[in-house]
Colleague: 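Attaching a single structure in structure tokens format; questions to follow.
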Amino acid sequence: DMSALTMLSRALVVIPLGTVVVEELAFRGTLHGLLRQTGSERWAWVAGATLFGLWHVYPTWMADRDAAMTVGTLVATTIAGPGFIWLRVRSDSVIAPAVAHFATNSVTLAVAWILR
């Protein structure tokens, strides 16, 4: 349960600044380049997507203590990883995956809030 103001502040401030900027700079801005230097392009994509998925396990578990939710989040974020990497490589910028990441997270929050 959250008010409309809380939902909007999370969707428009907390998610973009506290999640998207940090994760995109870390995963697509830094980690992807480091992984490409240590192995093949395929390795960089698989390892980057896997680490992105694993990054979400602890906070999901701590928030919900629900194994199904945690596994679902792991699978969803691991699958999203290559899409964000593709946007990074295709655009040669972290802006494109950041916009997609923001849209995905904020729209999901807004839809969940509306449906609840």
Side-chain angles (χ1 to χ4, degrees):
D1 280 336
M2 70 176 87
S3 68
L5 183 60
T6 299
M7 186 277 295
L8 287 172
S9 71
R10 287 184 184 175
L12 300 176
V13 177
V14 174
I15 288 172
L17 299 178
T19 302
V20 173
V21 169
V22 172
E23 291 181 357
E24 289 309 318
L25 288 175
F27 285 93
R28 264 62 69 183
T30 303
L31 184 64
H32 184 69
L34 291 172
L35 291 170
R36 286 179 56 209
Q37 290 178 354
T38 63
S40 69
E41 188 72 20
R42 175 176 279 165
W43 157 253
W45 283 56
V46 170
T50 302
L51 290 169
F52 184 64
L54 290 170
W55 172 260
H56 291 83
V57 169
Y58 181 75
T60 303
W61 177 252
M62 293 309 294
D64 298 319
R65 301 284 180 174
D66 180 334
M69 178 71 77
T70 302
V71 170
T73 298
L74 170 65
V75 170
T77 54
T78 301
I79 290 170
F84 293 150
I85 294 168
W86 181 83
L87 287 169
R88 165 70 171 103
V89 170
R90 177 89 171 153
S91 69
D92 196 29
S93 170
V94 295
I95 303 284
V99 169
H101 195 163
F102 164 69
T104 301
N105 287 17
S106 292
V107 168
T108 300
L109 175 63
V111 168
W113 184 82
I114 290 167
L115 293 176
R116 188 155 206 205

Colleague: Which side-chain N or O atoms in residues 96-109 pair as donor and acceptor under 3.5 Å with protein atoms at least two apart or in another chain?
Modeller:
residue	atom	partner	partner atom	Å
His101	ND1	Glu24	OE2	2.5
His101	NE2	Glu23	OE1	3.2
Thr104	OG1	Ala100	O	2.8
Ser106	OG	Ala11	O	2.7
Ser106	OG	Phe102	O	3.2
Thr108	OG1	Thr104	O	2.6

Colleague: With sequence neighbours excluded, tell me which residues meet side-chain hydrogen bond (donor to acceptor under 3.5 Å, both in side chains) with Trp43.
Modeller: Thr38
Colleague: If you look only at pairs with a residue in residues 1-27, which of them pass as a ring-ring contact (aromatic ring centres under 6.0 Å, His included), with sequence neighbours excluded?
Modeller: Phe27-Phe52, Phe27-Trp55
Colleague: Under the salt bridge (Lys or Arg N to Asp or Glu O under 4.0 Å) rule, what pairs show up with a residue in residues 90-108, not counting sequence neighbours?
Modeller: Arg88-Asp92
Colleague: Members other than Val46 in its cluster, when Ile, Leu, Val, Met, Phe, Trp, Tyr link by side-chain heavy atoms under 4.5 Å?
Modeller: none
Colleague: Evaluate the side-chain proximity of Ile15 to Val20: yes if any heavy-atom separation is below 4.5 Å, no if none is.
Modeller: yes
Colleague: Side-chain contact, heavy-atom cut-off 4.5 Å: His32 with Val89?
Modeller: yes
Colleague: Shortest non-hydrogen contact from Met7 to Met2?
Modeller: CA-SD, 3.5 Å
Colleague: Apply side-chain hydrogen bond (donor to acceptor under 3.5 Å, both in side chains) to Ser40 and list each qualifying residue two or more places apart in sequence or on a separate chain.
Modeller: none
Colleague: Under 3.5 Å, sequence neighbours excluded: what are the donor-acceptor pairs made by side chains of residues 67-86?
Modeller:
residue	atom	partner	partner atom	Å
Thr70	OG1	Asp66	O	3.0
Thr73	OG1	Met69	O	2.9
Thr77	OG1	Thr73	O	2.7
Thr77	OG1	Leu74	O	3.3
Thr78	OG1	Leu74	O	2.7

Colleague: Keeping to residues at least two apart or across chains, list the salt bridge (Lys or Arg N to Asp or Glu O under 4.0 Å) pairs with something in residues 40-54.
Modeller: Arg36-Glu41
Colleague: Could I get the full list of side-chain hydrogen bond (donor to acceptor under 3.5 Å, both in side chains) partners for Thr6, not counting sequence neighbours?
Modeller: Ser3
